[in-house]
Structures are given as structure tokens and as C-alpha cells.
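These notes concern the structure reproduced below.
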Amino acid sequence: MALVSADSRIAELLTELHQLIKQTQEERSRSEHNLVNIQKTHERMQTENKIFERGRDTRAPLPHPWSALVLSAVLPCGAGDKLHVSPYYRTKLRGLYTTAKADAEAECNILRKALDKIAEIKSLLEERRIAAKIAGLYNDSEPPRKTMRRGVLMTLLQQSAMTLPLWIGKPGDKPPPLCGAIPASGDYVAKPGDKVAARVKAVDGDEQWILAEVVSYSHATNKYEVDDIDEEGKERHTLSRRRIIPLPQWKANPETDPEALFQKEQLVLALYPQTTCFYRALIHTPPQRPQDDYSVLFEDTSYADGYSPPLNVAQRYVVACKEPKKK
């Protein structure tokens, strides 16, 4: 019953999302006329300024009888003063830019609503996946984990990193917890289905950080039950909160929120490429653009300096390491 209800709500949200996308296009088309006017106004100002400069040169005749009017429009000050924009153009441009700002804000509001719809759809899809997992139901597009080939798992992990939403705040907003390098709040509890870095004991007795999925959390014992993402659903771990690190839920934008990213030479835990294990690494280069990955140096004693060559790891799979840096 819950699956049917989720499907119905997802269909409604997709319809609403389609309408918002249409509104965005309509708003963009409407504002295009004003942007063209701004461009044309600047072009006319540049042309008339050139006419004025020619008019100041006594060796060059004014090109048109109305040049005197042009000069009075673009330069109300003395002939020897610095060139200024006339009150007419100043007022006109102020009005055009005010309209452009309002148009941009209107389009931005529509896009934020669309992003909220997308986030809700993704949340419902995740809830449906978990419900199907519990019920033992799987569709063709998402086979049960016990039959999932490793190559398929790696592709899904890569897609999860690519589709992690970029946090876009309003002017003055600070990135929230779980955005980029910003850790979860102290009382945060990961939800079922959330991906986390989990510290577990390996077969040989050593401890390692693995990529896991939250199954449940007990407030009575303050412990999580998690599934190893690479254990084909066969092994479940019961772990305390200190052994769990929630993964980022938003990518940080390096262009607007660089403080929400790990910085060069900072110690982190990063998912080693083509594996499901986290290892200690140093940040070599933080992302420069929203779509960029981190470049990291993994600790590796097989290299003379103790670190691997730079490897790329997505923001989704880089978390803080509280252990001290090795000397």
C-alpha cells in the first residue's frame, strides 16, 4: 500500500515539476527582451561617446547636425572634464537593471521550488527502495544486492556522487551541516537508507572504514545497524555512533562557499577508487568548480614519501578524519 501511495505522489510531483520548468522558460523568455534593451542602451552610449570624442577634436567635423544634442545628452559637464553618463541614460539603465534584478529573482524562486520538488522525488524513491528491500520486492532497474555484479555497484556509486545536489543558498546563508566538509550536528541521527562511513572489524581482526547503508538506529542503545554496501546483503554490523560518519548530503560550491570544503593538506578519509573502503589521505587539491572532485594523496608505504600519486575522489565520498596525521 505504501508503494502505491509513493508512486502516486511521485507522479504528482513530476507533473508539478514539469509545470515549474515551463514557468522557468516563460520567465526567461520574458526577461530576454529587457536584457536586449540593456545591451542596446550600452551600445548607443558607446556610439554617442565616440561621436563626442570626435566633436572635441577640432580637426574632425561633427558627423551629423544633431551631434550637439548628443553632446548635451552624454556630457552635461565642461569640455575639459571627465566623460560622464548623462542623467537620461543613468535613469534609463537604473530602471532596466532594476527590472533585470527582479526578473532574475523571480526565475531563481521558481528554480528553488523545482529543486525542492526534485529533492522530494528523490526522497520518495529512496523510501520506496527501502520498503521494497524490506518486503523483498525488486524491480528490473534495481536488482537485489545478492545478484549485483561489482561493476554495477561501482557504477551506482559513481552515479550517486554525480547526482548529489549542489547546495545553493540565498545571499547571506551559510552552508548547513553535511554540506561538503561541514560535519553533522552532534545530535544528528542518520536515517534508514543513508550512506555512511562505518568502522568495522575485518576478517583478519583489523579495523577498517567501509561504505555502509543504515538499516536502523536504536535510541535505547545509541547504536546503528548497518549493511556493508559490498557484502551482498549477507553481513550486518551493529555499531556505536562514534563508529559512524554520515556522508555529505550536498556538494559545496567552491565558487561561493569555499570554506565548506576540505583544504589542501588536510587529513581526511576518502573512498579509494573502485573499492568500497575509506582510507586516510591528504587533500592535494580541493575542487575548483562545482562539478570537480577532490584530488587526494592516499597514505601508502609502498611509495618513498609515504603517499600515492594524486587520485580523484568525489565530494560525496570524502569525510573528516579525527585521527592524528602520521609523521
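Only heavy atoms go into these numbers, but all of them, side chains included; no hydrogens, no water, no symmetry mates.
- Here the NE2 atom belonging to His284 is positioned 10.0 Å from the CD atom belonging to Glu265, to the nearest 0.5 angstrom.
- Hydrophobic clustering (ILVMFWY, side-chain heavy atoms < 4.5 Å, transitive): Met162 and Leu311 are in distinct clusters.
- Side-chain atoms of Lys195 never come within 3.5 Å of backbone atoms of Ile229 as a donor-acceptor pair (strictly under, hydrogens ignored).
- To the nearest 0.5 Å, atoms CD (Gln158) and CD (Gln274) are separated by 7.5 Å.
- Using a 4.5 Å cut-off on side-chain heavy atoms (C-beta onward), Thr155 and Gln159 make contact.
- For Thr275 (side chain) and Leu271 (main-chain N/O), no donor-acceptor pair under 3.5 Å exists by modelled atom type.
- Using a 4.5 Å heavy-atom cutoff, the side chains of Pro287 and Asp293 are not in contact.
- Between Ile121 and Leu125, the closest side-chain pair of non-hydrogen atoms falls below 4.5 Å.
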Contacts table for residues 100-107: side-chain donor-acceptor under 3.5 angstrom, sequence neighbours left out:
unit_1, atom_1, unit_2, atom_2, d
Lys101, NZ, Glu105, OE2, 2.7
Asp103, OD1, Arg30, NH2, 3.0
Glu107, OE2, Arg28, NE, 2.8
Glu107, OE2, Arg28, NH2, 2.4

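- Both Leu157 and Val296 are part of a single hydrophobic cluster, where members link through side-chain heavy atoms under 4.5 Å apart.
- In this structure, the side chain of Ser308 does not engage the main chain of Asp300 through any donor-acceptor pair within 3.5 Å.
- Under the 4.5 Å side-chain criterion, counting only non-hydrogen atoms from C-beta, Met45 is not in contact with Lys92.
- Under the 4.0 Å criterion applied to side-chain N and carboxylate O atoms, Glu12 and Arg9 are assigned as salt-bridge partners.
- Using cut-offs of 30° and 60° for the angle between ring planes, the Tyr279 and Tyr272 rings count as perpendicular.
- A donor-acceptor pair under 3.5 Å is formed between the side chain of Thr99 and the backbone N or O of Gly95.
- In this structure, the side chains of Leu269 and Arg280 come closer than 4.5 Å at one or more pairs of heavy atoms.
- Residues Tyr317 and Leu164 have side chains not in contact (no heavy-atom distance under 4.5 Å, counting atoms from C-beta outward).
- The two residues Gly169 and Arg112 make their nearest non-hydrogen contact at O-NH2, 3.2 Å.
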Under 3.5 Å, which donor-acceptor pairs link side chains of residues 247-262 to any protein atom two or more places apart or in another chain?
unit_1, atom_1, unit_2, atom_2, d
Gln249, NE2, Tyr188, OH, 2.8
Asn253, OD1, Glu255, N, 2.9

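- Distance CG/Leu178 to CD1/Ile245: 11.5 Å, rounded to 0.5 Å.
- Within the 4.5 Å cutoff, side-chain heavy atoms of Tyr307 are placed close to those of Glu299.
- As a member of the Ile/Leu/Val/Met/Phe/Trp/Tyr network built from side-chain separations under 4.5 Å, Leu239 groups with Val189, Val196, Val200, Ile210, Val214, Tyr217, Tyr224, Val226, Ile244.
- No continuous path of ILVMFWY side-chain contacts below 4.5 Å connects Leu115 to Ile110, so the two sit in separate hydrophobic clusters.
- By the rule that hydrophobic residues join a cluster once side-chain heavy atoms approach within less than 4.5 Å of another member, Leu211 and Val318 end up as members of one cluster.
- Under a hydrophobic-cluster definition in which Ile, Leu, Val, Met, Phe, Trp and Tyr are linked whenever side-chain heavy atoms come within less than 4.5 Å, directly or via other members, Ile21 and Leu111 are assigned to different clusters.
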Q: I would like to know whether Lys122 and Thr163 meet side-chain contact (heavy atoms from CB on, under 4.5 Å); could you show each step before the answer?
A: CA-CA 10 Å; Lys122 290 181 69 175; Thr163 58; 4.2 Å; yes
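- Atom CZ of residue Arg199 and atom OG of residue Ser240 lie 10.0 Å apart, to the nearest 0.5 angstrom.
- Of all non-hydrogen atoms in Glu235 and Asp227, the two that sit nearest each other are O-OD1, 3.6 Å.
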(Q) Pair Phe278, Cys321 - check side-chain contact (heavy atoms from CB on, under 4.5 Å), show working. (A) CA-CA 10 Å; Phe278 291 84; Cys321 181; over 6 Å; no
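- Taking each heavy atom of Cys179 and Trp167 in turn, the nearest pair found is SG-CB, 3.7 Å.
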Q: List the steps and the verdict of side-chain contact (heavy atoms from CB on, under 4.5 Å) for Leu14 and His18.
A: CA-CA 6 Å; Leu14 287 172; His18 180 253; over 6 Å; no
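- In this structure the side chain of Gln23 never reaches within 4.5 angstrom of the side chain of Lys113, judged on heavy atoms.
- Residues Asp292 and Arg289 are paired through a salt bridge, judged by an N-O separation under 4.0 Å between the basic side chain and the carboxylate.
- Nearest heavy atoms, Ile38 versus Leu96: CG1-CB, 3.6 Å.
- No side-chain donor-acceptor contact under 3.5 Å links Ser123 to the backbone of Ala119.
- The two residues Ala270 and Ala281 come nearest to each other via the heavy atoms CB-CB, 4.5 Å.
- Distance check, rounded to the nearest 0.5 Å: OG of Ser216 to CD of Glu225 gives 4.0 Å.
- Of the possible polar contacts, none joining the Lys264 side chain to the Thr285 backbone as a donor-acceptor pair under 3.5 Å is found.
- In terms of heavy-atom proximity, Trp209 sits nearest to Arg242 at CH2-O, 4.4 Å.
- Remark: Glu126 does not engage Lys191 in a salt bridge, criterion side-chain N to carboxylate O under 4.0 Å.
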